[in-house]
Amino acid sequence: MRSRDSASLCPSLFFHQHHPPSIMADSSNNPLAPKTEDEHDPHFEPVIKLTEEVETKTNEENENVVFKMRSKLFRFDSGSSEWKERGTGEARLLQHKETQKIRLVMRREKTLKVCANHLISPDMKLQPNIGSDRSWVWKVVADYSEDPPTSETLAIRFANADFAAQFKKAFEDARENNLKLTPAAAEEEAAEPKAEAEANEPAAEAEAPAAEAEEKKEE
(Lines give C-alpha, C1' and ligand atoms only; values in the text may rest on other atoms or scores of the structure.)
Protein backbone atom coordinates (compact mmCIF):
# COMPACT_ATOMS: atom_id res chain seq x y z
CA MET A 1 0.00 0.00 0.00
CA ARG A 2 1.25 3.46 -0.87
CA SER A 3 1.70 5.84 2.14
CA ARG A 4 0.20 9.31 1.99
CA ASP A 5 2.20 12.44 2.40
CA SER A 6 2.08 13.97 5.98
CA ALA A 7 0.96 17.29 4.55
CA SER A 8 -2.02 15.72 2.82
CA LEU A 9 -3.00 13.93 6.06
CA CYS A 10 -2.79 17.09 8.18
CA PRO A 11 -2.95 20.29 6.14
CA SER A 12 -3.09 22.49 9.22
CA LEU A 13 0.16 21.01 10.52
CA PHE A 14 1.88 21.89 7.26
CA PHE A 15 0.50 25.44 7.41
CA HIS A 16 1.73 26.14 10.98
CA GLN A 17 5.14 24.66 10.27
CA HIS A 18 5.74 27.21 7.53
CA HIS A 19 3.87 30.16 9.09
CA PRO A 20 4.76 30.73 12.79
CA PRO A 21 1.85 32.15 14.92
CA SER A 22 3.90 35.14 16.09
CA ILE A 23 4.11 36.43 12.56
CA MET A 24 0.62 35.54 11.44
CA ALA A 25 -1.09 36.90 14.59
CA ASP A 26 -3.52 39.72 14.03
CA SER A 27 -1.73 42.93 15.08
CA SER A 28 -5.05 44.63 15.88
CA ASN A 29 -5.53 42.36 18.89
CA ASN A 30 -1.95 42.63 20.14
CA PRO A 31 -1.08 45.94 21.85
CA LEU A 32 2.62 45.11 21.65
CA ALA A 33 2.60 44.52 17.90
CA PRO A 34 4.29 47.23 15.75
CA LYS A 35 1.97 49.71 14.11
CA THR A 36 1.61 49.82 10.35
CA GLU A 37 1.74 52.95 8.23
CA ASP A 38 -2.00 52.86 7.64
CA GLU A 39 -2.89 53.13 11.35
CA HIS A 40 -4.06 56.54 12.54
CA ASP A 41 -2.67 57.85 15.83
CA PRO A 42 -4.33 61.25 16.50
CA HIS A 43 -2.78 63.86 18.79
CA PHE A 44 -4.90 66.48 20.53
CA GLU A 45 -3.51 69.66 22.04
CA PRO A 46 -4.76 70.50 25.59
CA VAL A 47 -7.53 73.06 25.75
CA ILE A 48 -5.88 74.88 28.68
CA LYS A 49 -2.12 75.05 29.14
CA LEU A 50 -0.85 75.45 32.71
CA THR A 51 2.14 77.75 32.43
CA GLU A 52 2.43 78.66 36.12
CA GLU A 53 2.47 76.56 39.26
CA VAL A 54 -0.44 77.11 41.61
CA GLU A 55 0.77 78.02 45.09
CA THR A 56 -1.08 76.27 47.90
CA LYS A 57 -1.37 78.31 51.09
CA THR A 58 -1.56 76.64 54.48
CA ASN A 59 -2.01 79.81 56.60
CA GLU A 60 1.30 78.90 58.24
CA GLU A 61 3.49 81.11 56.07
CA ASN A 62 3.87 83.79 58.78
CA GLU A 63 4.78 81.34 61.54
CA ASN A 64 7.94 79.63 62.75
CA VAL A 65 8.03 76.05 63.99
CA VAL A 66 9.32 76.05 67.58
CA PHE A 67 8.57 72.38 68.24
CA LYS A 68 7.45 69.28 66.32
CA MET A 69 7.10 65.63 67.23
CA ARG A 70 5.31 62.68 65.64
CA SER A 71 2.37 61.53 67.75
CA LYS A 72 -1.16 60.16 67.75
CA LEU A 73 -4.11 62.37 68.71
CA PHE A 74 -7.42 61.36 70.33
CA ARG A 75 -10.61 63.17 71.30
CA PHE A 76 -13.06 62.19 74.01
CA ASP A 77 -16.56 61.49 72.71
CA SER A 78 -18.94 62.38 75.53
CA GLY A 79 -21.84 60.67 73.75
CA SER A 80 -20.23 57.23 73.78
CA SER A 81 -17.91 57.97 76.75
CA GLU A 82 -14.85 56.71 74.89
CA TRP A 83 -11.69 57.99 73.24
CA LYS A 84 -11.71 58.19 69.44
CA GLU A 85 -8.64 58.53 67.27
CA ARG A 86 -8.30 61.79 65.35
CA GLY A 87 -5.13 61.00 63.43
CA THR A 88 -1.40 60.36 63.39
CA GLY A 89 1.08 63.03 62.37
CA GLU A 90 3.45 65.72 63.60
CA ALA A 91 2.23 67.82 66.51
CA ARG A 92 3.73 71.26 65.88
CA LEU A 93 3.91 74.45 67.92
CA LEU A 94 3.87 77.46 65.60
CA GLN A 95 4.82 80.98 66.69
CA HIS A 96 3.46 83.93 64.73
CA LYS A 97 6.19 86.28 63.50
CA GLU A 98 4.25 89.45 64.38
CA THR A 99 2.05 88.67 67.39
CA GLN A 100 4.55 86.14 68.84
CA LYS A 101 1.63 83.98 69.98
CA ILE A 102 2.00 80.19 69.77
CA ARG A 103 -0.64 77.71 68.64
CA LEU A 104 -0.77 73.93 68.29
CA VAL A 105 -1.37 72.52 64.80
CA MET A 106 -1.47 68.87 63.81
CA ARG A 107 -2.11 67.39 60.36
CA ARG A 108 -2.83 63.78 59.48
CA GLU A 109 -0.13 61.96 57.60
CA LYS A 110 -0.72 61.40 53.86
CA THR A 111 -3.93 63.48 53.65
CA LEU A 112 -2.51 66.49 55.57
CA LYS A 113 -6.01 67.19 56.92
CA VAL A 114 -5.94 69.33 60.06
CA CYS A 115 -6.96 67.38 63.16
CA ALA A 116 -5.93 69.95 65.81
CA ASN A 117 -5.68 73.72 65.58
CA HIS A 118 -5.93 75.92 68.65
CA LEU A 119 -4.11 78.65 70.52
CA ILE A 120 -2.36 77.56 73.71
CA SER A 121 -4.23 79.67 76.25
CA PRO A 122 -2.89 80.48 79.74
CA ASP A 123 -5.52 78.29 81.42
CA MET A 124 -4.54 75.10 79.56
CA LYS A 125 -2.85 72.47 81.70
CA LEU A 126 -1.54 69.09 80.64
CA GLN A 127 -2.78 66.24 82.82
CA PRO A 128 -1.08 62.83 82.83
CA ASN A 129 -3.12 60.05 81.31
CA ILE A 130 -3.87 57.33 83.86
CA GLY A 131 -1.64 54.32 83.40
CA SER A 132 0.67 55.91 80.80
CA ASP A 133 3.86 57.96 81.03
CA ARG A 134 3.88 58.87 77.35
CA SER A 135 0.52 60.61 76.90
CA TRP A 136 -1.16 63.82 78.06
CA VAL A 137 -4.74 65.11 78.30
CA TRP A 138 -5.96 68.70 78.10
CA LYS A 139 -9.15 70.67 77.42
CA VAL A 140 -9.70 73.13 74.58
CA VAL A 141 -12.44 75.77 74.58
CA ALA A 142 -12.26 76.34 70.80
CA ASP A 143 -10.49 73.97 68.43
CA TYR A 144 -10.51 75.27 64.85
CA SER A 145 -9.82 72.00 63.04
CA GLU A 146 -13.57 71.82 62.36
CA ASP A 147 -15.99 74.49 61.20
CA PRO A 148 -17.51 75.80 63.39
CA PRO A 149 -14.94 75.52 66.23
CA THR A 150 -15.68 72.94 68.90
CA SER A 151 -14.90 72.48 72.56
CA GLU A 152 -12.81 69.33 72.97
CA THR A 153 -11.00 67.16 75.46
CA LEU A 154 -7.87 65.99 73.65
CA ALA A 155 -5.25 63.37 74.40
CA ILE A 156 -1.89 62.93 72.71
CA ARG A 157 0.40 59.89 72.79
CA PHE A 158 4.08 59.68 71.89
CA ALA A 159 6.46 56.83 71.11
CA ASN A 160 8.12 56.97 74.54
CA ALA A 161 8.21 58.87 77.83
CA ASP A 162 11.16 61.03 76.77
CA PHE A 163 9.27 62.42 73.76
CA ALA A 164 6.24 63.04 75.99
CA ALA A 165 8.40 65.00 78.45
CA GLN A 166 9.81 67.14 75.62
CA PHE A 167 6.31 67.98 74.45
CA LYS A 168 5.23 68.90 77.98
CA LYS A 169 8.11 71.34 78.39
CA ALA A 170 7.50 72.95 74.98
CA PHE A 171 3.75 73.18 75.68
CA GLU A 172 4.28 74.86 79.07
CA ASP A 173 6.86 77.27 77.62
CA ALA A 174 4.33 78.23 74.95
CA ARG A 175 1.67 78.78 77.59
CA GLU A 176 3.97 81.09 79.56
CA ASN A 177 4.84 82.95 76.37
CA ASN A 178 1.17 83.53 75.51
CA LEU A 179 0.39 84.51 79.10
CA LYS A 180 2.82 87.42 78.87
CA LEU A 181 1.12 88.56 75.67
CA THR A 182 -2.40 88.70 77.11
CA PRO A 183 -3.92 92.17 77.83
CA ALA A 184 -4.36 91.36 81.52
CA ALA A 185 -0.67 90.51 81.89
CA ALA A 186 0.30 93.70 80.07
CA GLU A 187 -1.87 95.77 82.42
CA GLU A 188 -0.27 94.13 85.46
CA GLU A 189 3.23 94.86 84.17
CA ALA A 190 2.30 98.48 83.53
CA ALA A 191 0.72 98.79 86.97
CA GLU A 192 3.83 97.57 88.84
CA PRO A 193 6.04 100.67 88.20
CA LYS A 194 3.10 102.95 89.02
CA ALA A 195 2.51 101.13 92.32
CA GLU A 196 6.18 101.48 93.23
CA ALA A 197 6.09 105.21 92.54
CA GLU A 198 2.99 105.68 94.66
CA ALA A 199 4.59 103.72 97.50
CA ASN A 200 7.59 106.08 97.51
CA GLU A 201 5.54 109.30 97.47
CA PRO A 202 4.27 109.17 101.12
CA ALA A 203 7.83 108.74 102.40
CA ALA A 204 8.92 111.89 100.56
CA GLU A 205 6.00 113.84 101.98
CA ALA A 206 6.79 112.63 105.51
CA GLU A 207 10.36 113.91 105.23
CA ALA A 208 9.28 117.37 104.18
CA PRO A 209 7.79 118.49 107.56
CA ALA A 210 10.95 117.43 109.38
CA ALA A 211 13.03 119.62 107.09
CA GLU A 212 10.73 122.58 107.71
CA ALA A 213 11.10 122.12 111.49
CA GLU A 214 14.87 122.23 111.24
CA GLU A 215 14.70 125.46 109.23
CA LYS A 216 12.52 127.09 111.93
CA LYS A 217 15.03 126.11 114.65
CA GLU A 218 17.86 127.79 112.73
CA GLU A 219 15.80 131.00 112.49
Side-chain angles (χ1 to χ4, degrees), residues 50 52-190:
L50 298 178
E52 297 182 358
E53 294 183 357
V54 179
E55 184 180 357
T56 303
K57 292 187 177 181
T58 62
N59 296 325
E60 301 172 10
E61 289 76 15
N62 294 326
E63 296 171 303
N64 295 321
V65 180
V66 297
F67 177 88
K68 64 178 181 179
M69 186 77 69
R70 189 175 186 273
S71 58
K72 183 173 290 188
L73 187 70
F74 301 84
R75 63 175 290 270
F76 186 75
D77 187 353
S78 58
S80 59
S81 298
E82 62 180 359
W83 290 100
K84 292 188 176 181
E85 182 177 341
R86 263 203 170 181
T88 300
E90 281 190 339
R92 296 175 300 149
L93 300 183
L94 307 179
Q95 185 172 31
H96 199 275
K97 296 177 182 179
E98 296 180 1
T99 65
Q100 298 300 310
K101 292 184 177 181
I102 301 175
R103 63 173 177 149
L104 185 146
V105 176
M106 183 170 173
R107 294 178 181 271
R108 296 188 183 101
E109 292 178 344
K110 298 180 181 179
T111 63
L112 299 180
K113 179 177 173 59
V114 177
C115 56
N117 177 20
H118 64 80
L119 188 71
I120 300 179
S121 59
D123 58 341
M124 285 185 183
K125 292 183 179 180
L126 294 180
Q127 301 293 337
N129 193 14
I130 299 175
S132 176
D133 60 352
R134 57 192 182 102
S135 61
W136 303 102
V137 179
W138 73 98
K139 293 185 178 182
V140 183
V141 175
D143 180 77
Y144 289 85
S145 59
E146 301 290 343
D147 188 19
T150 56
S151 177
E152 302 287 354
T153 299
L154 301 177
I156 194 167
R157 187 175 67 197
F158 296 90
N160 53 53
D162 182 50
F163 290 167
Q166 293 180 38
F167 173 78
K168 183 174 186 292
K169 184 180 184 307
F171 189 96
E172 291 179 346
D173 290 346
R175 186 184 63 188
E176 292 297 324
N177 174 83
N178 291 349
L179 176 61
K180 295 177 181 179
L181 298 173
T182 57
E187 291 177 1
E188 290 180 1
E189 290 181 359

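Residue numbers count from 1 along this sequence. Just the heavy atoms: all of them, side chains too, but no hydrogens, waters or symmetry mates, feed the values below.
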Rounded at 0.5 Å granularity, tell me how far [atom1] in [X] sits from [atom2] in [Y].
X: Ser78; Y: Glu152; atom1: OG; atom2: CD; value: 9.0 Å
X: Phe167; Y: Leu93; atom1: CZ; atom2: CG; value: 6.0 Å
X: Ile156; Y: Phe74; atom1: CD1; atom2: CZ; value: 10.0 Å
X: Lys110; Y: Thr88; atom1: NZ; atom2: OG1; value: 10.0 Å
X: Arg86; Y: Met106; atom1: CZ; atom2: CE; value: 10.5 Å
X: Trp83; Y: Asn129; atom1: CH2; atom2: CG; value: 7.0 Å

Is a side-chain donor or acceptor of [X] paired with a backbone partner of [Y] at a separation under 3.5 angstrom?
X: Gln95; Y: Ile102; answer: no
X: Asn178; Y: Ile120; answer: yes
X: Arg134; Y: Phe158; answer: yes
X: Asp143; Y: Asn117; answer: yes
X: Arg108; Y: Cys115; answer: no

Inset, instruction - For the pair Trp138 and His118, name the ring-plane relationship: parallel under 30°, tilted 30 to 60°, perpendicular over 60°. - result: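 Geometry flag for His118 against Trp138: tilted rings.
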Mind checking what makes salt bridge (Lys or Arg N to Asp or Glu O under 4.0 Å) contact with [X], not counting sequence neighbours?
X: Asp77; result: Lys84
X: Arg70; result: Glu109
X: Glu176; result: none

Please tabulate, for the side chains in residues 62-69, all donor-acceptor contacts under 3.5 angstrom to protein atoms that are two or more places apart in sequence or on a different chain.
unit_1 : atom_1 : unit_2 : atom_2 : d
Glu63  : OE1    : Arg103 : NE     : 3.4
Glu63  : OE1    : Arg103 : NH2    : 2.8
Glu63  : OE2    : Arg103 : NE     : 2.8

Can you confirm whether [X] is buried at [atom1], in the sense that more than 12 heavy atoms of other residues, nucleotides or ligands lie under 6.0 Å from that atom?
X: Leu112; atom1: CG; value: yes
X: Glu82; atom1: CD; value: yes
X: Phe76; atom1: CZ; value: yes

Heavy atoms only: give me the nearest [X]-[Y] pair and the separation to one decimal.
X: Arg107; Y: Val114; value: NH1-CG2, 3.4 Å
X: Ser145; Y: Ala116; value: CB-N, 3.7 Å
X: Ala164; Y: Asp133; value: CB-O, 3.9 Å

Legend entry - Residue pair Arg175 / Lys125, side-chain heavy-atom distance below 4.5 Å: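 Arg175 vs Lys125: side chains touch.
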Legend entry - Pairing residues for Asp173 by the side-chain contact (heavy atoms from CB on, under 4.5 Å) criterion, not counting sequence neighbours: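 With sequence neighbours excluded, Asp173 shows a side-chain contact (heavy atoms from CB on, under 4.5 Å) to Lys169, given in chain and number order.
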Inset, instruction - Kindly state whether the ring of Phe171 and the ring of Trp136 have centres lying under 6.0 angstrom apart. - result: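 When the ring centroids of Phe171 and Trp136 are compared, they turn out to be at least 6.0 Å apart.
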Inset, instruction - Give the C-alpha distance, both sets of side-chain angles, the deciding distance and a yes or no for side chain to side chain contact (heavy atoms under 4.5 Å, CB included) between Leu181 and Thr99. - result: CA-CA 8 Å; Leu181 298 173; Thr99 65; 6.0 Å; no
Legend entry - Side-chain donor-acceptor pair present, Thr150, Arg75, cut-off under 3.5 Å: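 Note: Thr150 and Arg75 side chains miss the donor-acceptor criterion.
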Legend entry - Partners passing side-chain hydrogen bond (donor to acceptor under 3.5 Å, both in side chains) against Ser121 (at least two apart in sequence or in another chain):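 Only Asp123 meet the side-chain hydrogen bond (donor to acceptor under 3.5 Å, both in side chains) criterion with Ser121.
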